[in-house]
Amino acid sequence: GVWRQTRALLFKNCLIKCRTKKSSVQEVLFPLFFLFWLILMSMMHPHRKYGEVANTDLDHLDTSVLVNFVIGYTPPTAMAREIMKKVAFDNFEDGLITEEYLSEEELEEASVLKPSNFVGVVFKDSMSYQLRFHDSIAMSSIYTESR
């Protein structure tokens, strides 16, 4: 019954593999080649390991550096306004100058007009944002892992 059919199928498959040696060798060697290639690529670009940073108390922020500093943000939602109000007034006695813009294009135009003291903040949603400096974008460190 079942044992005889299984043995016949196994014998048939062995005959096919013996008759098609080229494809049988390819079935074995191609995965080994790709495995070797992946290992080689991972050795060429190793993951970076960063050491721990000790817990330290930071000194007070020197606010004289931030005189006439402008922070622009978009889109002007209630959550963005609340976050920017906290940034401007809770951390600095005099407060920072914050400006809201309706679109990213307006924010970019403003950064061109005052490039030395302007930082743009683009809120993607209530939990993520991008910082925009003149001619560049600063991404969060979680996106800068090893490729």
Side-chain angles (χ1 to χ4, degrees), residues 1-62 65-66 69-92 96-147:
V2 175
W3 173 246
R4 190 170 24 176
Q5 287 178 346
T6 306
R7 193 175 59 183
L9 186 61
L10 184 64
F11 182 69
K12 179 186 136 195
N13 286 339
C14 286
L15 283 176
I16 291 172
K17 292 296 178 187
C18 290
R19 290 179 183 163
T20 57
K21 290 179 180 157
K22 182 179 178 183
S23 65
S24 299
V25 169
Q26 287 176 349
E27 284 180 19
V28 172
L29 291 182
F30 277 158
L32 291 175
F33 170 75
F34 289 123
L35 179 65
F36 171 75
W37 185 256
L38 285 173
I39 291 171
L40 182 67
M41 293 303 287
S42 69
M43 289 173 59
M44 289 174 60
H45 300 286
H47 291 287
R48 294 184 181 160
K49 303 283 187 202
Y50 296 103
E52 290 185 13
V53 177
N55 291 337
T56 58
D57 291 328
L58 299 175
D59 291 334
H60 293 290
L61 179 64
D62 183 15
V65 176
L66 302 175
F69 202 71
V70 180
I71 299 177
Y73 64 94
T74 189
T77 61
M79 179 66 77
R81 286 184 188 108
E82 184 179 330
I83 291 170
M84 295 311 291
K85 187 185 294 182
K86 268 191 172 298
V87 168
F89 295 108
D90 288 357
N91 298 320
F92 305 99
L96 292 173
I97 302 169
T98 59
E99 298 175 355
E100 63 181 45
Y101 295 92
L102 297 176
S103 66
E104 288 187 48
E105 291 79 21
E106 288 182 19
L107 185 76
E108 289 175 10
E109 288 173 12
S111 71
V112 170
L113 295 175
K114 34 191 161 182
S116 63
N117 62 347
F118 187 85
V119 173
V121 180
V122 179
F123 290 96
K124 298 298 180 187
D125 54 37
S126 63
M127 298 300 288
S128 65
Y129 61 91
Q130 283 184 333
L131 296 177
R132 300 280 175 108
F133 299 97
H134 184 62
D135 294 333
S136 67
I137 298 174
M139 299 290 289
S140 173
S141 63
I142 60 173
Y143 297 114
T144 57
E145 292 180 1
S146 173
R147 294 180 186 159

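Separating the CD1 atom in Ile16 from the CZ atom in Arg19 is a distance of 8.0 Å, to the nearest 0.5 Å. Expressed to the nearest 0.5 Å, how far CE of Met44 lies from CE of Met41 amounts to 5.5 Å. The CG atom of Leu131 sits 9.0 Å away from atom CD1 of Ile71, with the distance rounded to the nearest 0.5 Å. Put simply, NZ on Lys12 and CD on Gln5 are 12.0 Å apart, with the number rounded to the nearest 0.5 Å. Here CD of Glu105 is found 8.5 Å from OG1 of Thr74. Values are rounded to the nearest 0.5 Å.
For Pro76 against Tyr101, the heavy-atom pair with the smallest separation is CD-O, 3.3 Å. Of all non-hydrogen atoms in Phe123 and Pro75, the two that sit nearest each other are O-CD, 3.4 Å. Closest heavy-atom contact between Pro31 and Val28: CD-O, 3.5 Å. Residue Val121 comes nearest to Leu107 through the heavy atom pair N-CD2, 4.2 Å, listed as atom of the first residue, atom of the second, then distance.
For Lys124, the side chain to side chain contact (heavy atoms under 4.5 Å, CB included) partners are Glu104, Val122, Ser128, Gln130, Arg132, not counting sequence neighbours. Judged as a side-chain hydrogen bond (donor to acceptor under 3.5 Å, both in side chains), and not counting sequence neighbours, the contacts of Glu27 are Lys17.
Residues Ile39 and Leu35 meet the side-chain proximity criterion, which asks for heavy atoms closer than 4.5 Å.
The aromatic rings of Phe30 and Phe34 lie tilted to each other, with the angle between the two planes from 30° to 60°.
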